[in-house]
**Student:** 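To start, I am sharing the structure in question, which I have written as C-alpha cells.
Because the structure is a prediction, the values reported are computed rather than measured.
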Amino acid sequence: MSKKESFIKGTIILAAAALVARVLGLVQRIPLEHMLNDIGDSSFTIANNVYLMLLALATAGIPSTLSKMVSERYALNKPAEAKRVYQAALIFSAGAGIVMTLLLYFAAPYYATHVTKVPESAAAIQALAPALLLFPTIAMMRGYFQGRNFMTAGGVSQIVEQIARVVTGIGLAYVLVRLGYDDTWVAAGASFGGVLGSLAAFGVMIFFAIKLRRQDRKLQLPGPDTSIPLGGIYKAIFTLSIPIVLSSLTVPAVNFIDGSIVKPLLNGVVGSDEATAALAVLGTRAQSIAGIPPILAIALSQSLIPIISAAYARKDQEHLQNQVTMALRISILTGMPIVIALVAASYSVNGLLFSSLNGSGIIAMLTFGTIFQITMMTSGSILLGIGKAKVSMVHVMIGIIVKLGASVLLAPLFGIYGIIGATSLCFLLITVLNIRAIKMIVPFSILGTRWTGFSITVLAGLAAGYGMNELGNQLVGLMPARLAFLITCLLVGAVTSVIYVLLLVVFGVLRQSELSSYPRVLQKLFRPLMRLQPSRLRERG
C-alpha cells in the first residue's frame with residue numbers, strides 16, 4: 001500500500017471513529033433519559049461534562065504534538081529519539097492520570113454540593129474518576145501510532161471504547177433500576193461505563209503495541225535513547241501543545257460551565273426544582289441534539305485543513321484564499337440545513353426520542369446556536385492550519401470570559417434561555433475574532449453579496465419546516481404518538497431540505513462556476529438544479 005493510500009485509509013478510519021463516537025453519545029442519552037428523573041439526568045450531565053473537560057485538559061493537543069515529533073524523527077531516520085519522546089510522553093501520562101483521578105474523586109463532593117448545587121451528582125462524578133487513570137496513556141499511544149502512520153489502532157480503539165462505554169453504562173443503569181436503587185446510584189452506574197470503556201480501549205492499544213513491537217524487532221530498530229534528557233522533550237511538547245489544548249477546550253469548557261452554573265444562577269429565579277429540570281433538559285436532551293449539526297460540516301471543512309496548511313507554507317496566497325473561503329462556505333452551507341430541520345422539528349424530535357415534551361424550546365434554541373459553533377470550529381481549525389494556535393487560544397479565552405459574564409447578566413432576565421444565549425454569543429464572538437485574524441493574513445469573503453439570499457433561504461426553510469411540524473402534529477390523535485412524531489420529523493426534514501437547496505440555487509447563493517471546487521457529492525446534487533437559476537446569476541460567476 002502506498003503512503004497516499006495509507007493516509008487516506010487512516011483518515012477515513014479516524015473520521016468514522018469520530019462519527020461513531022458522536023452517534024453513540026446520542027444513543028446513550030436516550031435510554032438513560034427514560035430511566036432517570038431530573039436529579040439523575042442532572043447528575044449524569046454534570047459528571048459527563050466534568051469528565052470531558054478534564055479529559056480534554058489531559059489529552060488534547062499533546063497527542064497531536066507527539067505524533068508530529070515522532071513522525072519527524074522517523075523521517076530523519078532517528079527511531080531511538082522517537083521512542084525516547086514516546087517514553088517521556090508515557091511517563092507524563094501516567095502521572096497526569098493519577099493526579100486527575102485523585103483530584104476528580106476527592107473534589108467531587110465539594111464541587112457537587114457547593115458549586116453545582118446538585119449534591120446527588122457526587123457519586124456519578126466519583127464513579128467516572130478511575131477512567132482518567134488510563135485515558136491520558138491511551139491518548140499518548142494513539143498519538144505515537146499516528147506518528148508511525150498506523151492510524152488503524154487509534155480508530156479501532158476509539159470505536160471499541162465507545163461501544164463498551166455505552167453498552168455497559170446503559171446495562172449497569174438498567175440493572176440498578178431493576179434492583180430498586182435510586183437515581184443517584186443509577187446515574188453513577190451509567191457513569192461507570194466510562195471506566196469500562198477506558199479498559200476496553202486500553203486493551204486494544206496494548207494489542208496493537210505488542211504487534212508494533214514485534215514488527216520493530218524484525219526490522220531490528222533500536223530502543224529508546226535514554227541519554228536524551230526528559231526536560232528538553234517536555235519543554236518541546238508543552239510549547240507546541242498548550243495553545244492547541246486551550247483552543248480545543250471551547251465546547252467542553254462551555255458545557256462544563258453550564259453544568260456548574262445553571263442551578264446556582266436559576267435557583268433564585270425559578271426555584272430549585274425548576275432549575276434542576278432545566279439542567280436535566282439542557283444536558284441530556286439539548287446538548288445531545290445540538291451535537292448533530294456539526295458532524296458533517298466539520299468533517300467536510302476539516303478535509304481542507306491540510307491543503308490550507310500546505311498553501312500557507314508555499315506562500316500561495318491565491319490558493320490559500322480559495323481554500324479558506326471554501327472551508328467556511330462549505331461548513332455553513334452544509335451545517336445550516338440540519339440546524340433548520342432540527343430547530344423546526346424540535347417539538348417532534350423531543351417527543352420521538354425522549355420521555356416527555358418538556359424543554360422543546362431549550363432544544364430549539366441551543367441547536368440554532370450550533371451554526372456559530374460550526375463557524376467557530378472551522379475558523380479555529382484554519383488558524384491552526386496556518387500556524388496561529390496562540391491567536392486561536394486567546395480568542396477562546398476571551399469567548400469563555402464573555403460566556404461567563406453574559407450568563408450571569410442574562411440568567412436573571414431570561415432564565416435558562418439567557419444562559420443558552422450566552423453560549424451562542426461566546427461562539428459568535430470567537431468566530432468574529434477568528435475571521436478577523438484570518439483576514440489579516442489572507443483577504444477572503446465567505447458569501448459576499450449573497451448574505452441576503454442566504455438569510456431569506458434560512459427564514460423560508462424555518463417557516464416551512466415549522467408549518468409542516470404543526471401540521472404533522474395533528475397526527476398525534478390519529479395514531480400512536482411516537483409514530484406520529486417520526487412521520488412529522490421525516491416530513492420536516494424532507495421539506496426543509498428541498499426548500500433550502502432550491503432557494504440556494506434560485507437566489508444565486510451557489511453559482512455554476514464554483515461547483516468544480518466543491519466535494520463531488522455536492523456537485524452531483526447541485527449541477528442538475530443550476531438550470532433553475534436565473535441566467536444573469538449563472539453568468540456572473
Side-chain angles (χ1 to χ4, degrees), residues 53 56-57 59-69 72 143 235-257 294 297-298 300-332 335 369-406 422-447:
M53 177 74 172
L57 278 173
T59 63
I62 297 179
S64 298
T65 302
L66 175 63
S67 174
K68 180 176 182 293
M69 294 174 69
E72 287 175 349
K235 181 179 179 180
I237 289 176
F238 293 126
T239 300
L240 291 170
S241 63
I242 287 177
I244 300 175
V245 171
L246 296 179
S247 297
S248 66
L249 275 177
T250 316
V251 176
V254 166
N255 291 339
F256 171 77
I257 289 169
I298 297 304
L300 285 170
S301 63
Q302 284 287 338
S303 66
L304 294 172
I305 299 306
I307 303 173
I308 290 171
S309 182
Y312 181 72
R314 293 195 309 266
K315 302 189 186 307
D316 186 346
Q317 284 291 100
E318 182 179 355
H319 191 55
L320 179 61
Q321 179 182 2
N322 290 338
Q323 296 305 321
V324 167
T325 301
M326 200 56 54
L328 286 164
R329 188 177 294 173
I330 288 175
S331 67
I332 293 172
T370 56
I371 192 61
F372 304 126
Q373 179 186 337
I374 289 168
T375 55
M376 174 198 72
M377 294 173 73
T378 306
S379 58
S381 295
I382 292 171
L383 283 175
L384 294 178
I386 59 179
K388 301 296 179 183
K390 290 183 180 179
V391 174
S392 176
M393 174 188 70
V394 171
H395 295 169
V396 167
M397 294 174 68
I398 293 172
I400 294 297
I401 292 170
V402 169
K403 155 67 183 173
L404 278 168
T423 296
S424 296
L425 178 62
C426 168
F427 294 155
L428 176 59
L429 176 61
I430 295 173
T431 296
V432 171
L433 293 173
N434 286 348
I435 290 176
R436 188 182 68 171
I438 297 169
K439 283 187 173 182
M440 293 176 66
I441 297 168
V442 55
F444 71 95
S445 176
I446 302 174
L447 291 176

**Student:** Find the distance between OG (S445) and CZ (R329) and round it off to the nearest 0.5 Å.
**Tutor:**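 Output value for this atom pair is 7.0 Å.
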
**Student:** Taking atom CG of L429 and atom CD1 of I400, what is their separation to the nearest 0.5 Å?
**Tutor:** 10.5 Å

**Student:** Which heavy atom of A327 sits nearest to which heavy atom of T378, and what is that distance?
**Tutor:**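 Looks like O-CG2, 3.7 Å.
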
**Student:** Any idea which heavy atoms bring G335 and I374 closest together, and the distance?
**Tutor:** CA-CD1, 3.9 Å

**Student:** Could I get the full list of side-chain contact (heavy atoms from CB on, under 4.5 Å) partners for N322, not counting sequence neighbours?
**Tutor:** E318

**Student:** Nearest 0.5 angstrom please: I386 CD1 to L320 CG, how far?
**Tutor:**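 Between I386 CD1 and L320 CG, I get 6.5 Å after rounding to 0.5 Å.
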
**Student:** Between CG of L433 and CG of L428, what distance do you get to the nearest 0.5 Å?
**Tutor:** 9.5 Å

**Student:** So, taking the atom named CD1 in I441 and the one named NZ in K439, what distance separates them when rounded to the nearest 0.5 Å?
**Tutor:** 13.0 Å

**Student:** For the residue pair A406 and A422, what are the closest heavy atoms and their distance?
**Tutor:**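 Minimum heavy-atom contact is CB-CB, 3.6 Å.
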
**Student:** What pairs with I401 under side-chain contact (heavy atoms from CB on, under 4.5 Å), at least two apart in sequence or on another chain?
**Tutor:** none

**Student:** Which pair of heavy atoms, one from A236 and one from M69, lies closest together, and at what distance?
**Tutor:** CB-CE, 3.9 Å

**Student:** Hey, can you pull the donor-acceptor pairs under 3.5 Å for the side chains in residues 391-398, sequence neighbours left out?
**Tutor:**
{"from": "S392", "atom 1": "OG", "to": "S247", "atom 2": "OG", "distance (Å)": "3.2"}
{"from": "H395", "atom 1": "ND1", "to": "N434", "atom 2": "OD1", "distance (Å)": "2.8"}

**Student:** Mind checking side-chain contact (heavy atoms from CB on, under 4.5 Å) for I438 and listing every partner two or more places apart, or none if nothing turns up?
**Tutor:** V324, S379, I382, L383, V442, F444

**Student:** How about T250 and F427: do any of their side-chain heavy atoms sit closer than 4.5 Å?
**Tutor:** yes

**Student:** Distance from L404 atom CG to C426 atom SG, nearest 0.5 Å?
**Tutor:**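 With rounding to 0.5 Å, CG (L404) is 9.0 Å from SG (C426).
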
**Student:** Return the set of residues passing ring-ring contact (aromatic ring centres under 6.0 Å, His included) with F256 (not counting sequence neighbours), or none when no residue passes.
**Tutor:** Y111

**Student:** Which heavy atom in V251 sits nearest to a heavy atom in M376, and how many Å separate them?
**Tutor:**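 Of all heavy-atom pairs spanning V251 and M376, the closest is CG2-CE, 4.1 Å.
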
**Student:** May I have all residue pairs that pass salt bridge (charged side-chain N to carboxylate O under 4.0 Å, His left out) and include part of residues 390-405, sequence neighbours excluded?
**Tutor:** D258-K403

**Student:** Where is the tightest heavy-atom contact between T375 and L328, given as atom of each residue plus distance?
**Tutor:** O-CD2, 4.3 Å

